[in-house]
Amino acid sequence: GLGYLPFDSLRALSSSFDSLMIKQCGLNINKDYIDSLFILLEERRRDKKLLGGSGSLVLWLEGLRESPLEFLSFNNKSFGVGWLIKNLKKIPATRVPQLNSREEFDEMISALVLQELVLRLGEEKNIKETISYNRDLKKNIKNLLYNEYLSFLLNNIAPVDSSVVINQYS
């Protein structure tokens, strides 16, 4: 049968794999640009009450999209702040950290790069052809469809007339 691997071992292996992926891609973050960007982010948060989440962050970053400066590079390609904007738009606002520290900002960038690398690796390894991928895809699609159906039902309930409620409980 299948062997048992403790969760801590999986966590360590996963972390090692992530570190190796980042190292092999040659991730290079323009530290000066990030320092300036983070200082501006802190000022914006203080002055304009910019909160966490991707929505307000993306709106603010859009003003910097035309900057010719290199934001980061990996796999022998350079990217500007547009790369960050594109990737922030893909993730739910609840998964964007508050970015209270420069470390959190760097971790978010590394996580976005890692996500892109892993997705490319999955495509290269033809993961879409595996049984487990297709099984999980079907399961997730069913859950997404069901959740959208429930959301549709809830959003289309006719408003209740307050006089009906009053009559019911009078």
Side-chain angles (χ1 to χ4, degrees), residues 1-42 45 50-62 64-65 67-148:
L2 294 174
Y4 170 75
L5 197 56
F7 184 74
D8 288 341
S9 296
L10 289 174
R11 181 179 298 176
L13 288 171
S14 175
S15 180
S16 295
F17 178 78
D18 293 352
S19 297
L20 181 62
M21 291 285 291
I22 292 291
K23 184 177 180 183
Q24 286 179 337
C25 80
L27 176 61
N28 184 23
I29 298 173
N30 182 337
K31 298 291 184 193
D32 293 334
Y33 188 80
I34 297 295
D35 286 342
S36 300
L37 191 61
F38 189 73
I39 289 168
L40 289 172
L41 175 65
E42 286 182 320
R45 186 182 339 222
L50 175 69
L51 302 173
S54 60
S56 54
L57 181 59
V58 166
L59 287 174
W60 178 71
L61 288 172
E62 284 288 354
L64 304 173
R65 184 186 282 275
S67 172
L69 294 176
E70 177 184 297
F71 177 64
L72 58 86
S73 63
F74 63 95
N75 285 343
N76 299 316
K77 293 181 183 174
S78 297
F79 303 92
V81 75
W83 177 90
L84 179 60
I85 294 167
K86 178 188 78 160
N87 282 285
L88 284 171
K89 286 180 176 179
K90 291 180 189 177
I91 58 176
T94 56
R95 294 200 50 215
V96 176
Q98 289 293 314
L99 304 176
N100 292 321
S101 70
R102 170 62 199 275
E103 183 179 90
E104 285 182 3
F105 196 75
D106 288 349
E107 288 172 1
M108 179 189 69
I109 292 167
S110 293
L112 291 171
V113 169
L114 183 63
Q115 181 178 12
E116 190 167 315
L117 294 171
V118 169
L119 289 173
R120 285 184 192 172
L121 180 62
E123 287 176 4
E124 289 171 14
K125 299 293 184 184
N126 217 12
I127 198 164
K128 290 182 179 179
E129 301 302 320
T130 64
I131 293 170
S132 61
Y133 174 86
N134 286 301
R135 180 191 62 231
D136 290 347
L137 180 64
K138 286 178 187 173
K139 180 180 172 184
N140 287 320
I141 287 174
K142 285 179 187 177
N143 288 338
L144 288 170
L145 289 173
Y146 180 72
N147 289 338
E148 285 301 314

- Using modelled atom types only, decide if a donor and an acceptor are shared between the side chain of S14 and the backbone of L10 within a distance under 3.5 Å. no
- In this structure, are over 12 heavy atoms from other groups packed under 6.0 Å from N76 atom CG? no
- Query: Hey, is the main chain of L112 close enough, under 3.5 Å, to the side chain of N87 for a donor-acceptor pair?
  - Reply: no
- Task: Output yes when a side-chain donor or acceptor of S15 lies under 3.5 Å from a complementary backbone atom of R11, and no otherwise.
- Result: no
- Message: Can you confirm whether L41 sits close enough to L61 that some side-chain heavy atom of one is under 4.5 Å from a side-chain heavy atom of the other?
- Response: no
- Of all heavy-atom pairs between I109 and W83, which one has the smallest distance, and what is that distance? O-CH2, 4.2 Å
- CG on N134 to CD1 on I127, rounded to 0.5 Å: 10.0 Å
- Message: Run the side chain to side chain contact (heavy atoms under 4.5 Å, CB included) test on V118 and E123 for me, step by step, so that the C-alpha distance in whole Å, both residues' side-chain angles and the decisive distance to 0.1 Å come before the verdict.
- Response: CA-CA 9 Å; V118 169; E123 287 176 4; over 6 Å; no
- If we only count heavy atoms from C-beta on, is the L117 to Q24 side-chain gap below 4.5 Å? no
- Task: Please check if the side chain of E104 supplies one atom and the backbone of N100 the other of a donor-acceptor pair under 3.5 Å.
- Result: yes
- Query: To the nearest 0.5 Å, what is the distance between CD1 (I39) and CD1 (I34)?
  - Reply: 11.5 Å
- Task: Any chance you could lay out the side chain to side chain contact (heavy atoms under 4.5 Å, CB included) test for E42 and L99, step after step, and finish with the verdict?
- Result: CA-CA 9 Å; E42 286 182 320; L99 304 176; over 6 Å; no
- Is atom CD1 of I131 surrounded by more than 12 heavy atoms (other residues, nucleotides or ligands) closer than 6.0 Å? no
- Task: Rounded to the nearest 0.5 Å, what's the gap from CD1 on I29 to OG on S110? Could you check?
- Result: 4.5 Å
- Message: Check whether N75 reaches the backbone of G26 with its side chain - one donor and one acceptor, N or O, closer than 3.5 Å.
- Response: no
- State the CG-CZ distance between L72 and F79, to the nearest 0.5 angstrom. 7.0 Å
- Check ion pair R120-E116 (N to O, under 4.0 angstrom): yes
- Item | Chi angles and distances behind the side chain to side chain contact (heavy atoms under 4.5 Å, CB included) call for L114, F74 | CA-CA 10 Å; L114 183 63; F74 63 95; over 6 Å; no
- For side chain to side chain contact (heavy atoms under 4.5 Å, CB included), just list the numbers for L88 and M108, CA-CA rounded to whole Å, side-chain angles, deciding distance to a tenth of an Å, and then say yes or no. CA-CA 10 Å; L88 284 171; M108 179 189 69; 3.9 Å; yes
- Message: Determine whether a donor-acceptor pair (N or O, by modelled atom type, separation under 3.5 Å) exists between the side chain of N126 and the backbone of E129.
- Response: no
- Task: Please round to the nearest 0.5 Å and tell me the distance separating atom CG of L37 and atom CZ of F71.
- Result: 6.0 Å
- Output for pair (K31 NZ, S36 OG), nearest 0.5 Å, gives 13.0 Å
- Item | Check ion pair E62-K89 (N to O, under 4.0 angstrom) | yes
